[in-house]
Amino acid sequence: MSFPSVNEQMDLIRRGTVEILPEEELVKKIERSIKKNIPLVIKQGFDPTAPDIHLGHTVGIRKLRHFQELGHRVVVIIGDYTAMVGDPSEKNSTRPKLAHETVMEHAQTYRRQFMKILDEEKTEVRYNGEWFSKMSFAEIMNLASKFTVARMLERDDFSKRYAGRQPISIHEFFYPLMQAYDSVVIRADVELGATEQKFNLVIGRNIQKEFGQEPQIVLTLPVLEGLDGKQRMSKSLGNYIGIDEAPADMYGKTLSIPDELILRYFELVTDVSGKELAQIARQLQHPETNPRDLKRYLARTIVRMYHGEQESIRAEEAFDRIFIKKDIPDEMPEVHISSDEVRIDDLILLTKTADSKGQARRLVKGGGVSIDGRKISDPFYMVRIKDGRVLKVGKRRFVKLKR
RNA sequence: GGGGAGGUUGCGGAGCGGUCAAACGCAACAGACUGUAAAUCUGUCGGCUGAAUGCCUUCGGAGGUUCGAAUCCUCCCCUCCCCA
């Protein structure tokens, strides 16, 4: 096969990246790859600590996709072992160690979700337990001897925690070393990661040298802000859009991002061309533009990427119906109730639209509950159960009742 | 090994014998408003009971003192700091 020219490759590679360290070295690697007709090995690691991939992850995955389009070989490392250590990056406290079983379950889901974006044919998935589970203590000590405590403590979160008298376990020091060793094993030419990963990525270079290899190129990508517009998108903060989520949720969540993030989302998580991106930027500057319209377009675009054109249109229609016309969705879960009458608080509990009866009653008293569009404010109101009646709890929990 | 400070409800953090299901902030949830699931304002925020000066579970763990313990004592586990 033949590769695109160096310039073409660099153009695509540079799109949306924060840093390429060092860029000249990457150019050299690409030149050599073209000359010898050998693809580069592009690596990114993922810790399956939570089962869902969200848009934040896709920033990197989409970059991997770019490399695939350029003909390179992508190796995704699923950190089944590193996940058990827990990456301390951007955390001010020790992460819980996860059971290997849980991690492996998550890993399966990850793999499936990756392939929504990557070309399965050109993707190699490796679990780092493959080598770490076989390492002897002597080998581990050898790896550990190649780095110093002082250099470890240069890392921002370690130094902060150290200064803030927060615990740092020794095993956490192994995280960057393990990640680096992954690069050694697969002989990575390039490793991608979010900017906060820079430290770990750079250690990869050092450790590869220690093992007599040519160091990898470090390519950093921006960290995507979550729905709140401030903190990074992450599962644990609950401000994320998962790529497996239902169209309606994806659509609604996208609309809830702050307006300032519209362009950034277009740039980092969609396929719109550079040209269109520039046009969107101009429109956003224009006083006549209602940012809402662009945000709706963004929401449709995102839903379309993961669910197709049809679903994206339906999601928008459903959203308008529920939130603008205050109507009910056309599809909602049905719950069978086997008696004629049920008190509203019990009904809420039966339909699992609240977690406890106390909460159910509070919701009723607060005016958050309605039956067939009629607000119920008495927590002891008896509801006659008839096929097709609609219970609404809060803004977006709807249940259709069935006898 | 020695000395000191700590572990409180999702998080941060008060409380230090009854008035404590435990201040306050954040997050979350609901209501009003809105192009929006944003912002803002208001309310709620352990569970159960038709609701109250009621019952149950919760302040690292296990025992104990007391009419009564998040608060006092004993042992254990965990963390941070200083010294070695």
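Order of the sequence lines fixes the chain letters, A, B, ..., with proteins taken first and strands second; residue numbering starts at 1 for each chain.
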* Go through C48(B), A37(B), G50(B) for me and flag the one nearest to the Asp249(A) side chain. => A37(B)
List, one per line, each side-chain donor-acceptor pair under 3.5 Å for residues 366-382 of chain A, sequence neighbours excluded.
| unit_1 | atom_1 | unit_2 | atom_2 | d |
| --- | --- | --- | --- | --- |
| Asp372(A) | OD1 | Val390(A) | N | 2.8 |
| Asp372(A) | OD2 | Arg389(A) | NE | 3.1 |
| Asp378(A) | OD1 | Phe380(A) | N | 2.9 |

* So, Lys43(A) versus Ser183(A): side-chain donor-acceptor pair below 3.5 Å or not? -> yes
* **Pair Gln197(A)-Gln179(A), side-chain donor/acceptor within less than 3.5 Å** => yes
* **Nearest heavy-atom neighbours spanning Met135(A) and Leu143(A)** => CE-CD2, 4.2 Å
* **Lys253(A) charged N/C atom sitting above Tyr240(A) aromatic ring, 6.0 Å / 45°** => yes
* Using a 4.0 Å heavy-atom cut-off across all strands, classify Lys365(A) as base, sugar-phosphate, or nothing. => base
* Asked: When we call it a touch if two heavy atoms are under 4.0 Å apart, what does Ala248(A) touch: a base, just sugar-phosphate, or nothing?
  -> base
* Nearest-0.5 Å distance that lies between atom CG in Leu391(A) and atom CG in Leu401(A) -> 6.0 Å
* To do: Determine whether the aromatic ring centres of Phe114(A) and His57(A) lie less than 6.0 Å apart.
  => no
* Is the centre of the Phe147(A) ring less than 6.0 Å from the centre of the Phe173(A) ring? -> no
* Asked: Is the distance from OP1 or OP2 of U36(B) to the nearest side-chain N or O of Thr254(A) less than 4.0 Å?
  -> no
* Does the side chain of Ser356(A) get closer than 4.0 angstrom to OP1 or OP2 of G47(B) through an N or O atom? -> yes
* Separation of U49(B) C1' from Arg361(A) CZ (nearest whole Å) -> 7 Å
* Those residues of residues 343-351 of chain A lying under 4.0 Å from RNA chain B by at least one heavy atom -> Arg343(A)
* Structure fact -> Under a 4.0 Å heavy-atom cutoff, the residues of residues 300-308 of chain A touching RNA chain B are none
* To do: Kindly write out the residues that satisfy salt bridge (Lys or Arg N to Asp or Glu O under 4.0 Å) with Lys160(A), not counting sequence neighbours, or none if the list is empty.
  => Asp156(A)
* To do: Between protein and nucleotides 79-84 of chain B, map the contacts as a letter string: B base, S sugar-phosphate only, - none, heavy atoms under 4.0 Å, written 5' to 3'.
  => SSS---
* To do: For nucleotides 20-35 of chain B, just jot down a letter per nucleotide in 5' to 3' order: B, S or -, based on protein non-hydrogen atoms under 4.0 Å.
  => ---------SSSS-BB
* **5' precedence on RNA chain B between Lys253(A) and Gly358(A) (nearest-nucleotide basis)** => Lys253(A)
* Which sits closer to the 5' end of RNA chain B, Asp355(A) or Tyr251(A), going by the nucleotide each is nearest to? -> Tyr251(A)
